[in-house]
Amino acid sequence: METLRERLVAAFGAAVAAGELPSVAGPEPVVEMPRESGHGELASPYAMQLARALRVPPRVVAERLAAHLGGLPPGVRVVVANPGFLNFYLDDAWLAQALAEVLERGPDYGGSDVGGGRRVLIEFVSANPTGPLNVVNARAAAVGDSLARLLAAVGYRVEREFYVNDAGGQVGNLALSLEVRLRQLLGEAAELPPDGYPGEYLVDLARGYLEEHGAAVLELPEEERLALLRDFAVERIRAQQEASCERYGVHFDRFFSERRLHETGAVDKVVGLLRERGHTYQEEGATWLAAREFGDDKDRVLVKSDGAYTYVVPDVAYHLDKLRRGHDLLIDLLGPDHHGYVARMRAALEALGYPPGVLEVHLIQQVRLLREGRAVTMSKRAGEFVTMDQLVAEVGCDAARFFFLQRSPESPLDFDLDLAKLETSENPVFYVQYAHARICSLFRQAGENWPEGADLTLLTQPEERELMRQLSRFPEEVLAAAQERAPHRVARYCLELAGLFHSFYNRHRVLGSAPPTAAARLSLARAVGAVLARGLDLLGVTAPERM
RNA sequence: GCGCCCGUAGCUCAGUCGGACAGAGCGUCCGCCUUCUAAGCGGAGGGUCGUAGGUUCGAAUCCUGCCGGGCGCGCCA
């Protein structure tokens, strides 16, 4: 595809040089796969894109471009079609060559090096250490992990990081809530503060605390007491969150503590840096960041009139730390309630001298669980919500991840629990996995005595050609998914490939064919299996060998 | 009030840096197992792309207004 684009541009240049077309700065050529098979395997509306700027009829542009399109790989034929499309037809030799490449490269097929080893840090989930992970966290975990896999596949050096908000008011409330639960267990009359954490998990945590440490802590002075309870609760909950992610197949390279930023003085320093760079001012007793200079819609308080920092400051210090660790690009996946915060974070980083592009933020939208067609009600206030662990226990890791990755991350998602549990073709994840298992089954029956070096040009049936064409698209699909930060493209690709395979399988015999054909079809099946496995791997979903 | 996301088939959603008659899955209806996994396949039906204008050879896609749904907008984190 890349080369086809380049050839189109070159053809345009050649036509201009030959005086057949006026010289203008043209747009980038679009190359696409036509829906209609009669329109070729690939097609480009490039002539029509150029027509306006050139003020030459599209059809004429197309013909002149076609005349100058040299150096196409053998087996590729160009046809000019009605309004001015250039349609490319790939013959059997070309497809056979593409298939051979899949078989040669094996698990490496689909990868590339466009990232050039640049370092990317993806921060995701980053839930407060005040309770179990919820279903939105599970969505973010699936998306972040898959993005990391995709970026690694196209040549970036990727790290996954989880930011732990273990300082500030939230964990203070957590400590207070834990204390109340302890006292309640000991028979005292105590009530949760209004902004306390009501979930049952804190009762369990309190019980665990009593078993391990007894009740002596309650006799300590308040400050010391709450600090001990806070540390206990934060570390326990954080570890539980990590364990939930691990069970889900998501591994973080680092859990980054906010408190550490305070302890090392990084938080104080970042305010000093912003002051030195002249992007702050004093007003009404507070220190403000002149965020409007950098595109935010209002200036933001950094240091409150009581001397405390606002929550942005440690976050800025954290992002500065990430950059200083040598990452070229920071990607944050945030919850839908955080978008107001993006502009100020960008503004702060720009004020520190970094280009606006170093921080890329994606908002992961809400998840609504559906059971028997109705939304499962959740109440954060009452501490009643479905946890990530519960979801995974109910539908399984693969289904959960696949369902999250089927949709574009920035649209709200309805998660059909009943569908996710079905073990039939209605369930998309099973549909894809089943295709893989079927292929493995073929090889179990074929055994080892099949000839190497099958004659791939025997694969001329429409279903075979469609499969080969789909396989040849995989690398560009992976690249597009990585560049657009769109794992759902891979999910769709897998669904399409699995569908094409099921059609092929139903229409044609593999093992029952004449040996040369059987060998060629086994090769095709091997390639499909490898690409399905790789595609699923990019989603963090397993490719079972039998089902 | 301001900002962001969303509005496409009965349902859930792709497609949204303009391109060839608008796609998929589920659900509905009709077919296909003496042979490699029927956890599968084939076919049918189903859409004023929220709405009204505009730009363009061409608009689901770009611009403007309006309607509907969700979420933000603190010297809270």
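Just so it is clear: chains get the letters A, B, ... in the order the sequence lines come, proteins before strands, and each one is counted from 1. Being a predicted model, the structure only gives us computed values, none of them experimental.
- OP1 or OP2 of B:G74 has not a single side-chain nitrogen or oxygen of A:K304 nearer than 4.0 Å.
- Ranking B:C75, B:A77, B:A14 by closeness to the A:Q170 side chain, first place goes to B:A77.
- Pairing for B:G23 goes to B:C13, judged as Watson-Crick or G-U wobble with the two contacts each under 3.5 Å.
- The base-pairing partner of B:G18, taking Watson-Crick or G-U wobble contacts with both distances under 3.5 Å, does not exist among the strands shown.
- Of the candidates B:C13, B:A77, B:G19, the closest approach to any side-chain atom of A:M48 belongs to B:G19.
- Going from atom CZ of A:R492 over to atom P of B:C26 covers 13 Å, rounded to whole Å.
- The listed nucleotides are B:C13, B:C71, B:C75; the one nearest the side chain of A:Q366 is B:C71.
- Here A:F85 packs flat against the base of B:A20; its ring centre is closer than 5.5 angstrom to the base's six-membered ring, tilted by less than 30 degrees.
- In the interface, the side chain of A:E284 is paired with the base of B:C75 through a donor and an acceptor atom under 3.5 Å apart.
- A:H508 has no side-chain polar atom (N or O) that falls below the 4.0 Å cut-off from OP1 or OP2 of B:C41.
- Across all strands shown, B:G54 is found opposite B:C62 as a Watson-Crick or G-U wobble partner, with both distances under 3.5 Å.
- On a pure distance criterion of 3.5 Å, no polar donor-acceptor pair joins the side chain of A:D195 and the base of B:A77.
- Atom CH2 of A:W288 and atom C1' of B:C75 are 7 Å apart (whole Å).
- Side-chain proximity of A:Y505 to the nucleotides B:A39, B:A38, B:A77 is greatest for B:A38.
- Heavy atoms of A:S305 sit under 4.0 angstrom from at least one base atom.
- For A:A286, the side-chain atoms get nearest to B:C75 when compared with the rest of B:A14, B:C75, B:A20.
- No contact: A:R489 has no heavy atom under 4.0 Å from any strand.
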